[in-house]
J.: 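This is the structure I have questions about; it appears just below.
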Amino acid sequence: MTPETLTAFFGWMTVLNFAVLLLSTLMVVALQDCIAAIHGRMFQMEKAEVRKAYFKYLANYKILTLIFCLMPWIALKLV
């Protein structure tokens, strides 16, 4: 693979992952009560625990996207 191909790959991977992150964040914020009730019943969790799990999910997804998508793209752009 050429550096240009890898740069394009990581660039689009970054865009797609941030789009998923944005959609997930909007869904959690807009439908928090409804989704928390459903997931709470599914996993026998309190609503407060479910909300903490949502926050952890979004935070971890953002960190992983930054490390494994954005950073390689920046590194390839600098080369």
Side-chain angles (χ1 to χ4, degrees):
M1 291 186 115
T2 65
E4 293 82 20
T5 305
L6 281 173
T7 303
F9 173 75
F10 281 111
W12 282 111
M13 191 167 68
T14 302
V15 168
L16 290 174
N17 276 293
F18 274 116
V20 169
L21 180 64
L22 179 64
L23 179 66
S24 297
T25 303
L26 292 175
M27 293 294 284
V28 166
V29 169
L31 304 171
Q32 187 173 20
D33 292 330
C34 178
I35 295 173
I38 293 170
H39 287 147
R41 285 193 308 260
M42 284 174 58
F43 301 111
Q44 286 81 38
M45 296 171 66
E46 297 294 324
K47 280 189 179 181
E49 292 178 61
V50 173
R51 290 184 178 128
K52 286 180 187 177
Y54 290 156
F55 184 75
K56 282 184 183 179
Y57 158 73
L58 292 171
N60 288 336
Y61 196 85
K62 179 173 59 173
I63 291 168
L64 290 173
T65 301
L66 289 171
I67 292 171
F68 291 110
C69 301
L70 185 64
M71 290 304 147
W73 179 76
I74 291 172
L76 286 167
K77 280 298 219 182
L78 293 176
V79 170

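Start at 1 with the first residue, then count along the sequence. Excluded from the calculations below are hydrogen atoms, water molecules and symmetry mates; all remaining heavy atoms, backbone and side chain alike, are included.
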J.: Give the cluster check for Tyr61 versus Phe55: same hydrophobic cluster or not, with ILVMFWY residues linked at side-chain heavy-atom distances below 4.5 Å.
T.: no

J.: Met1, Met13: one ILVMFWY side-chain cluster at the under-4.5 Å cut-off?
T.: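 Yes; Met13 is reachable from Met1 via cluster members.
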
J.: Out of curiosity, Ile74 CD1 to Leu78 CG, how far, rounded to the nearest 0.5 Å?
T.: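 Interatomic distance, Ile74 CD1 to Leu78 CG, rounded to 0.5 Å: 7.5 Å.
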
J.: Consider only side-chain heavy atoms of I, L, V, M, F, W and Y, link residues closer than 4.5 Å, and tell whether Met27 and Leu16 are in one cluster.
T.: no

J.: Between the side chain of Thr14 and the main-chain N/O of Cys69, is any donor-acceptor distance below 3.5 Å?
T.: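 Pair found, side chain donor or acceptor close to backbone of Cys69.
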
J.: Is the shortest side-chain heavy-atom distance between Thr65 and Leu70 below 4.5 Å?
T.: no

J.: Would you compute the distance between atom CG of Leu22 and atom CG of Leu58 and round it to the nearest 0.5 angstrom?
T.: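 Going from the CG atom of Leu22 to the CG atom of Leu58 covers 10.5 Å.
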
J.: Donor-acceptor pairs are to be reported for all side-chain atoms of residues 28-44 against protein atoms at under 3.5 Å, with residues two or more places apart or in another chain.
T.:
from: Asp33; atom 1: OD1; to: Arg51; atom 2: NH2; distance (Å): 2.6
from: His39; atom 1: ND1; to: Tyr54; atom 2: OH; distance (Å): 2.6
from: Gln44; atom 1: NE2; to: Arg41; atom 2: O; distance (Å): 3.4

J.: Just how far is it from atom OH of Tyr57 to atom CG of Leu21, taken to the nearest 0.5 Å?
T.: 7.5 Å

J.: Rounded to the nearest 0.5 Å, how far apart are CZ of Phe68 and CZ of Phe10?
T.: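 Atom-to-atom, Phe68:CZ and Phe10:CZ are 10.0 Å apart.
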
